[in-house]
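The structure appears below as structure tokens.
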Amino acid sequence: MQQRIAKAETVVVVGGGAAGVEVATDAKSLYPNKHIILVHSRSAVMHRFGKELQKAAMEGLKRLEVEVILEDRVIEEDDANGSVTLKSGRKINCDYFQPNSSILSTLSPISISSSGYIKVKPTLQVIDEKFQNIYSCGDVTDTDVPTPNARSASQQAAVAAENILLAINGKKPTHQYTHSWPESFIKLTLGLDRSVSHMSDGKSDILYRSKEKDEALMAAQCWSSLGQVPFEDDYDHGQKTENQV
């Protein structure tokens, strides 16, 4: 994906949740001369979060001059000719677009909710009894998580992994995911050098802005928590070498 963005002149990002906002702002921050377009079907980006975070995210997008299209959606993708068509009728020529995954919608239509999320059991298996070996985690999953993010996704992944191990050993998956409000804490990057942190318990919100020195944003820590050797990013290494010189 990074290579395709680097070569593109116009990039369309579909979906204004946390991942979409971060991809769009990171791309525009790294390549300020590229035309980055964010398409979101709702009236505000980060619509599942509080108003203050929605406002902060929109301010970050405007600061970087990302074009934001709200209350519209992609209905046709033409990768061969490099274009997408929106429900409003607008056609956007682009070198690269990043659509939301819809692979499960053709495999198991009954596992997709009316809003496009994947319906699961408490064990995080899809509701379709024909595909009980398929699990879903993260913000694409229809759970009771009011503000889905990486924290809740990692907890869900742990539950899914435990259940997969049970299934491999011929046992019935019994571990269930239950959301806890501390998982609602999110650190949203708005470009490579800025972020906004937000926490809510459903009654009150806390939000604060900060500047970032680590472009990888603690990614090495995440790899280590999974028992893996942290990745080596050629771009990040090149930036550090250049700065040292």
Side-chain angles (χ1 to χ4, degrees), residues 1-5 8 10-24 27 36-43 45-48 68-150 152-168 172-173 175-177 179:
M1 184 175 76
Q2 293 183 25
Q3 293 177 347
R4 293 189 67 183
I5 290 177
T10 301
V11 178
V12 176
V13 180
V14 182
V21 170
E22 291 188 336
V23 168
I36 310 297
I37 304 172
L38 178 64
V39 181
H40 190 50
S41 62
R42 305 302 180 95
S43 60
V45 296
M46 303 296 291
H47 66 278
R48 297 178 72 175
V68 180
I69 301 174
L70 298 174
E71 298 184 276
D72 209 346
R73 64 174 67 243
V74 172
I75 59 171
E76 185 178 344
E77 306 159 2
D78 188 348
D79 199 16
N81 294 314
S83 68
V84 296
T85 302
L86 307 184
K87 188 177 181 179
S88 62
R90 178 179 174 181
K91 186 175 182 179
I92 304 173
N93 294 319
C94 56
D95 302 282
Y96 182 59
F97 61 89
Q98 180 64 30
N100 290 331
S101 175
S102 58
I103 185 172
L104 191 63
S105 62
T106 54
L107 179 66
S108 176
I110 66 171
S111 296
I112 306 299
S113 70
S114 58
S115 55
Y117 295 97
I118 299 175
K119 296 189 287 186
V120 295
K121 299 177 179 180
T123 55
L124 298 176
Q125 296 165 283
V126 297
I127 63 167
D128 193 336
E129 293 295 335
K130 294 185 296 183
F131 299 105
Q132 289 304 283
N133 60 332
I134 297 179
Y135 294 76
S136 179
C137 305
D139 56 7
V140 73
T141 309
D142 188 8
T143 62
D144 62 349
V145 180
T147 53
N149 56 42
S152 56
S154 64
Q155 294 300 315
Q156 293 168 17
V159 170
E162 292 289 349
N163 283 330
I164 290 171
L165 290 175
L166 287 175
I168 289 174
K172 182 179 179 179
H175 296 280
Q176 299 187 1
Y177 169 73
H179 171 67

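- Annotation: salt bridge (Lys or Arg N to Asp or Glu O under 4.0 Å) contacts of Lys121 (sequence neighbours excluded): Glu129.
- Take Ser113 and apply the side chain to side chain contact (heavy atoms under 4.5 Å, CB included) test, not counting sequence neighbours, and it matches Ser115, Tyr117, Lys119, Asp142.
- For Arg48, there are no salt bridge (Lys or Arg N to Asp or Glu O under 4.0 Å) partners at least two apart in sequence or on another chain.
- Atoms OH and OG1, on Tyr177 and Thr143 in that order, are 5.5 Å from each other to the nearest 0.5 Å.
- Identified under the salt bridge (charged side-chain N to carboxylate O under 4.0 Å, His left out) test for residues 10-19, with sequence neighbours left out: none.
- A distance-only check finds no donor-acceptor pair linking the side chain of Asn163 to the backbone of Leu166 [under 3.5 Å].
- Closest approach of Leu124 to Ala160, counting heavy atoms only: CD1-N, 4.3 Å.
- With sequence neighbours excluded, no residue forms a side-chain hydrogen bond (donor to acceptor under 3.5 Å, both in side chains) with Gln155.
- With hydrogens and angles disregarded, a donor-acceptor distance shorter than 3.5 Å links the side chain of Asp95 to the backbone of Thr10.
- Under the side chain to side chain contact (heavy atoms under 4.5 Å, CB included) criterion, Ile110 pairs with Ser108, Asp128, sequence neighbours left out.
- In terms of heavy atoms, Gln125 sits closest to Pro173 at NE2-CG, 3.8 Å.
- Taking both residues in full, the closest heavy atoms of Ile36 and Ala27 are given as CD1-CB, 4.0 Å, listed atom of the first, atom of the second, then distance.
- Taking every heavy atom of both residues into account, Ser136 and Val120 meet most closely at CB-CG1, 3.8 Å.
- Taken from OH in Tyr135 to CD1 in Ile118, the straight-line distance is 14.5 Å, to the nearest 0.5 Å.
- Not a single side-chain hydrogen bond (donor to acceptor under 3.5 Å, both in side chains) links Asn93 to another residue, sequence neighbours left out.
- Scanning for side-chain hydrogen bond (donor to acceptor under 3.5 Å, both in side chains) contacts around Asn81 gives Asp78, with sequence neighbours left out.
- In this structure, Glu76 has no salt bridge (Lys or Arg N to Asp or Glu O under 4.0 Å) partners at least two apart in sequence or on a different chain.
- Leu70 pairs by the side chain to side chain contact (heavy atoms under 4.5 Å, CB included) definition with His40, Val45, Val68, not counting sequence neighbours.
- Smallest separation of non-hydrogen atoms from Met46 and Ala18: SD-N, 3.4 Å.
- Residues Ser88 and Asp72 have side chains that bring a donor and an acceptor to within less than 3.5 angstrom of each other.
- With sequence neighbours left out, the side-chain hydrogen bond (donor to acceptor under 3.5 Å, both in side chains) criterion links Ser154 to no other residue.
- Atom OG in Ser152 sits 10.0 Å away from atom CG in Asp144 (nearest 0.5 Å).
- The side chain to side chain contact (heavy atoms under 4.5 Å, CB included) check on Ile92 picks up Val12, Ile37, Ile69, Val84, Leu86, Arg90, with sequence neighbours excluded.
- When all heavy atoms are compared, the tightest approach of Gln156 to Gly138 is OE1-N, 2.8 Å.
- Interatomic distance, CG of Leu104 versus CD1 of Ile134, reported as 6.0 Å (0.5 Å rounding).
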